[in-house]
Number of protein chains: 2
Amino acid sequence: MHPWGAFVKNEYSVYDLGVPKVSDAHREQRREQILIAAWKCFARNGFHSTSMADVIAEAGLSAGAVYLYFKSKEEIILAVASQVFGGISGRMAEWSQHEPPPSPAEVVGFLIQQPVLARAQAPGDLFPLLLAVWSEATRNPVLADLADEIMAALRQQITGLFERWERTGRDLRIPARDLAPV
Amino acid sequence: MHPWGAFVKNEYSVYDLGVPKVSDAHREQRREQILIAAWKCFARNGFHSTSMADVIAEAGLSAGAVYLYFKSKEEIILAVASQVFGGISGRMAEWSQHEPPPSPAEVVGFLIQQPVLARAQAPGDLFPLLLAVWSEATRNPVLADLADEIMAALRQQITGLFERWERTGRDLRIPARDLAPV
DNA sequence: CTTCCAAGAAGGATCGTTCGTTTTCCTGAG
DNA sequence: CTCAGGAAAACGAACGATCCTTCTTGGAAG
């Protein structure tokens, strides 16, 4: 469900004293609310140029409230980065199971046009954030491991697609010109 | 020579009063010294996680001295980023004029293995910095323009290579498997 | 009444930058 | 060649701003 790991279950029972005031669902919703705000801020200004004050304002909460759900800015960054990587992986996984399999040229076109060689000035919602995460991954060991997993999964899905294409008996070569579109 | 533009020439004559104490060459050298230090710091920690104190210490100078040669951190970032882009462009331009022309597979392999799909944990000197610059380019208009120029030049050089390869009468198709190396 | 979420002011640290001072070194006179 | 004169280079302490985080207080919900 959530890429950043299983949510810590509330250990209280409704029959105990000291019942928490809000449900787990509410807590989850608050986390989501904060992450969405952080997502927007990070996409706009990158990780280290957005202040906690920015995130807090975007979320429409207070500092104290935000720090009830995340114990540091670092934790929010990791959560958002994991979501970004998870999103990429999920989208690719979904797309890689289409029937009939897309041609190798389509696969490569998807890869280089969507995230990599797109113009810096015409980013989708994901592109600036993906770059930020990727850049951060060169410094943060946790993110580096995540990035490696994603890369491995991507490679596997791509080769899987190629194999399925090959089984249809068609050409497994890509016209070079498709790789440098005007 | 220097990607960030022509160095402002010393307007004093040796016959005037107020002759500067150091030569233009010395000034140039100092700028270079600061930029090298900044390069190292930025490659290590990214733009916004390296403080001016880091750069100043790495350069072995004082704050006042550094601010004699660059008027802000932003200016240093732009200078380094321009150097990075210039380096990429230069390397590709050089490589694209090899004789005989490299095969399309080689070209693509160079592109995806060198900067793009390399493992985040095994970066060359340039990779983390390239990511940082690229990420910054999604926010900084000056860098965005620079990035677009670089991209356009790259595309042109790639298509040029493909055309030269085609003129040798050989196959202009790339085996798909080359694009997802194990 | 008890419990804890939410708020927001405040703390301590660090940031980029400036500025008054010292040092360096070229110049021109003796 | 020597030496004062002076301007630029270099220094580094200090400044205001901003950063992330904590902590006290208020109030809603069971």
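None of these values were measured; they are calculated from a predicted model. Each chain gets a letter, A, B and so on, in the order its sequence line appears, and its residues count up from 1.
Using a 4.0 Å cut-off, no side-chain N or O of Arg27(B) falls inside it from OP1 or OP2 of dA8(D). Between Tyr69(A) and the phosphate of dA6(C), there is a side-chain N or O to OP1/OP2 separation shorter than 4.0 Å.
In the displayed structure, Gln156(A) atom CD is contacted under 6.0 Å by at most 12 heavy atoms of other residues, nucleotides or ligands. Gln29(B) CD: 12 or fewer foreign heavy atoms inside a 6.0 Å radius.
Heavy-atom nearest nucleotides on DNA chain D were determined for Met52(A) and for Gly64(A), and the one closer to the 5' end corresponds to Met52(A).
Residue contacts for Ser49(B): at a heavy-atom cut-off of 4.0 Å it reaches no nucleic acid atom on any strand shown.
The separation between Glu75(B) atom CD and dT17(C) atom C1' is 14 Å, rounded to whole Å. Across the protein-nucleic acid pair, Tyr67(B) atom OH and dG16(C) atom P stand 7 Å apart, rounded to whole Å. At whole-Å resolution of the value, NZ in Lys71(A) and C1' in dC20(D) are 14 Å apart. When rounded to the nearest whole Å, the span between CD of Glu74(A) and P of dT21(D) equals 9 Å. Between the C1' atom of dT18(D) and the NZ atom of Lys73(A) lies a distance of 12 Å, rounded to the nearest Å. Taking atom CG of residue Leu68(A) and atom C1' of nucleotide dT3(C), one finds them 13 Å apart after rounding to whole Å. Residue Leu61(B) contributes atom CG, which lies 15 Å from atom P of dT24(C) at whole-angstrom precision. In this entry the distance linking CZ of Phe70(B) with P of dG16(C) reads 15 Å, nearest Å.
In the set dC20(D), dT17(C), dA10(D), the nucleotide with an atom closest to the side chain of Ser62(B) is dA10(D). Considering only the side chain of His26(B), dA9(D) comes nearest among dC20(D), dA9(D), dC5(C). With distances taken from any side-chain atom of Ser72(A) to the nucleotides dA6(C), dC11(D), dT21(D), the minimum falls on dT21(D). The side chain of Ala63(B) lies closest to dA13(D) when the candidates are dC11(D), dA13(D), dG16(C).
With salt bridges taken as basic N to acidic carboxylate O contacts below 4.0 Å, none links Arg27(B) and Glu32(B).
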Report task. Output, in order, the C-alpha distance, side-chain angles, deciding distance and verdict of side-chain contact (heavy atoms from CB on, under 4.5 Å) for Val133(A) and Ile77(A). Result -> CA-CA 9 Å; Val133(A) 171; Ile77(A) 291 179; over 6 Å; no
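Here the side chains of Phe42(A) and Ile76(A) are in contact, with some heavy-atom distance below 4.5 Å.
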